A.B. asks: 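Questions regarding the structure given below will be posed in turn.
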Number of protein chains: 2
Amino acid sequence: MIEADVSQLSELGNYSGSLSDRVYHAIRDAILSLRFAPGVVIRKAPICERLQVSRSPVADALRRLSEDGLVDIVPQSATRVSKLSLRVIREQSFLREALELAAVARAAELRSEQQLARLARNMRHQRFLVEDLDFAEFYKFDEEFHDLIFECCDISLLAPTVESVSLQVQRARLLLLPEPGRTADTVDEHDAIFAAIREQNPAAAVNAMRSHLRQLIKRLEPLERERPEMFTT
Amino acid sequence: MIEADVSQLSELGNYSGSLSDRVYHAIRDAILSLRFAPGVVIRKAPICERLQVSRSPVADALRRLSEDGLVDIVPQSATRVSKLSLRVIREQSFLREALELAAVARAAELRSEQQLARLARNMRHQRFLVEDLDFAEFYKFDEEFHDLIFECCDISLLAPTVESVSLQVQRARLLLLPEPGRTADTVDEHDAIFAAIREQNPAAAVNAMRSHLRQLIKRLEPLERERPEMFTT
DNA sequence: ACTATCATACTAACATGTTAGTTGACTTAA
DNA sequence: TTAAGTCAACTAACATGTTAGTATGATAGT
């Protein structure tokens with residue numbers, strides 16, 4: 001029955017939009033970064049005090065997070081940060097893989113020269129940042145790489161959707177980040193995907209993307225044994 | 001600036017869960033069934049009066065619907081039922097196709113005899129209902145057919161996800177229902193998919209599923225010209 | 001007649017008071 | 001000692017009052 005440490009919440013000034021939006025993102029970031037540990041109880045009152053807002057935007061934010069599957073609300077009782085579930089992560093990965101494979105196959109067929117140029121520019125940034133060991137910035141370009149592939153096949157509206165359905169995965173990925181050399185490997189995998197798109201070879205693109213995405217679930221499975229307190233039984 | 005006709009809302013007694021949940025589903029059903037037409041303005045006050053609830057659960061429900069993409073909220077101003085967008089529908093269909101093709105391929109490989117039996121039973125129901133012209137009931141078994149395929153490859157948690165991401169599609173589908181003979185064709189298409197799963201032939205299953213799903217978008221495109229007032233420009 | 005400005009009315013967003021359901025501890029009886 | 005029953009404290013859910021931002025329409029100035 002451990003309680004979330006509200007001092008881990010960022011100030012609202014770091015976010016934009018309505019009060020509800022800002023509270024939502026502040027709590028969301030705390031959960032996704034594991035500063036709010038899986039399983040801890042979230043109380044509204046301390047959050048209101050910490051962020052200097054009333055209960056309305058906080059209640060609203062928590063309802064939205066419960067739809068994202070990041071918190072579990074027990075009616076009339078309590079709200080807590082949801083635990084990780086290998087089952088959920090596996091299913092979310094299945095969806096993500098299905099979509100990204102279909103996308104990359106089409107991207108390899110349809111990409112324009114301009115889109116290819118943007119991918120090439122993104123790859124240059126990636127290589128640069130990995131040498132610089134700037135992981136936070138690298139993470140942004142990793143996301144952009146996948147978004148650019150969506151743009152190649154005209155499905156950029158799905159980028160936020162696939163993000164919202166991969167939230168559990170995102171949280172789990174953080175536990176794997178410290179692995180040395182992983183980012184360098186990631187760039188190599190992206191490079192293989194990029195090359196296949198450049199050569200307009202859909203089959204190769206699919207294979208490269210598949211082995212890239214399967215790295216995650218492969219690395220994740222040993223984790224349940226290492227950190228059982230974070231997972232549902 | 002036409003206003004939604006709140007008398008089209010079902011009584012809350014037809015639903016279960018919290019007050020917010022019930023209000024959410026009542027409005028959602030009205031939108032998905034097109035009783036709330038795309039583009040009309042939704043006012044909170046008449047809804048509160050009609051359903052005999054306060055503004056809180058209504059505001060909550062509308063926020064959730066805006067996340068589903070079924071209503072557009074203009075801050076401090078107005079809320080209206082979102083219009084259909086061929087772009088959104090096309091992208092949602094892309095996601096759905098990617099997922100269902102990956103699922104059916106795996107289902108054809110992995111399905112147990114028991115799962116096959118459940119699919120067979122569902123097919124028998126479908127044929128029966130189509131002869132009876134019971135479209136509402138048929139619709140349920142259509143959905144169950146796809147859900148059963150998800151179960152074959154252990155991704156049943158994704159069923160609600162794919163539903164929530166196909167809401168625009170669902171609304172559009174209603175406009176196509178009156179086409180004569182469509183349900184009979186649907187059963188034939190399902191039968192082809194079922195046969196491929198029975199024979200454990202993934203490639204055939206994928207092809208059958210693809211031509212099944214593409215029926216929708218094919219029939220939808222002429223619709224934008226017929227009913228332009230329902231679509232965004 | 002046309003445009004710019006301002007007042008008014010209306011809305012969603014936010015704050016806060018109230019209700020009802022759940023939990024867990026304490027008591028009491030077997 | 002343990003099991004059941006009761007009660008107090010706490011929670012989310014709901015109701016309602018308040019604030020602030022937006023749109024519309026009237027009016028005044030050109």
Side-chain angles (χ1 to χ4, degrees), chain A residues 1-6 9 11-13 15-28 31 36 39-82, chain B residues 1-6 9 11-13 15-28 31 36 39-82:
Chain A
M1 195 50 129
I2 307 165
E3 193 169 331
D5 174 14
V6 295
L9 290 172
E11 305 283 343
L12 294 185
Y15 306 95
S16 66
S18 72
L19 213 44
S20 289
D21 288 344
R22 282 178 280 168
V23 173
Y24 169 77
H25 281 107
I27 302 176
R28 188 174 181 267
I31 294 174
F36 277 14
V40 303
V41 171
I42 296 180
R43 292 181 203 289
K44 284 206 188 87
I47 292 176
C48 295
E49 197 182 356
R50 158 75 179 169
L51 300 179
Q52 291 293 300
V53 297
S54 78
R55 281 149 27 207
S56 300
V58 175
D60 192 41
L62 289 175
R63 269 192 294 269
R64 289 161 68 183
L65 289 165
S66 82
E67 282 174 21
D68 292 337
L70 290 179
V71 311
D72 298 326
I73 296 180
V74 184
Q76 259 78 29
S77 173
T79 299
R80 60 189 65 208
V81 178
S82 67
Chain B
M1 195 51 129
I2 306 166
E3 192 170 330
D5 173 14
V6 295
L9 290 171
E11 305 283 343
L12 294 185
Y15 306 95
S16 65
S18 71
L19 214 43
S20 290
D21 288 344
R22 282 179 280 168
V23 173
Y24 169 77
H25 280 108
I27 302 176
R28 188 175 182 269
I31 294 174
F36 277 14
V40 303
V41 170
I42 296 180
R43 291 182 203 290
K44 284 207 188 86
I47 293 177
C48 294
E49 197 181 355
R50 158 75 177 167
L51 300 178
Q52 292 293 300
V53 298
S54 77
R55 283 151 22 209
S56 300
V58 175
D60 192 40
L62 290 175
R63 269 192 294 268
R64 287 161 68 181
L65 289 165
S66 82
E67 281 174 24
D68 292 337
L70 290 178
V71 310
D72 298 325
I73 298 180
V74 183
Q76 258 79 29
S77 172
T79 300
R80 59 189 67 207
V81 178
S82 67

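None of these values were measured; they are calculated from a predicted model.
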A.B. asks: Using the test side-chain contact (heavy atoms from CB on, under 4.5 Å), find all partners of B:Arg50 that sit at least two apart in sequence or belong to another chain.
C.D. replies: B:Val6, B:Leu9, B:Glu11
A.B. asks: Mind checking side-chain hydrogen bond (donor to acceptor under 3.5 Å, both in side chains) for B:Tyr15 and listing every partner two or more places apart, or none if nothing turns up?
C.D. replies: B:Asp29
A.B. asks: Listed by chain and number, what are the salt bridge (Lys or Arg N to Asp or Glu O under 4.0 Å) partners of A:Asp60, not counting sequence neighbours?
C.D. replies: B:Arg63
A.B. asks: Going by side-chain contact (heavy atoms from CB on, under 4.5 Å), name the residues that satisfy it together with A:Glu67, two or more places apart in sequence or in a different chain.
C.D. replies: B:Arg64, B:Glu67
A.B. asks: Could you run down nucleotides 8-16 of chain D 5' to 3' and tag each one B, S or - for protein heavy-atom contact under 4.0 Å?
C.D. replies: ---BBBSBB
A.B. asks: Which residues satisfy the side-chain contact (heavy atoms from CB on, under 4.5 Å) test with B:Ser77, sequence neighbours excluded?
C.D. replies: B:Val74
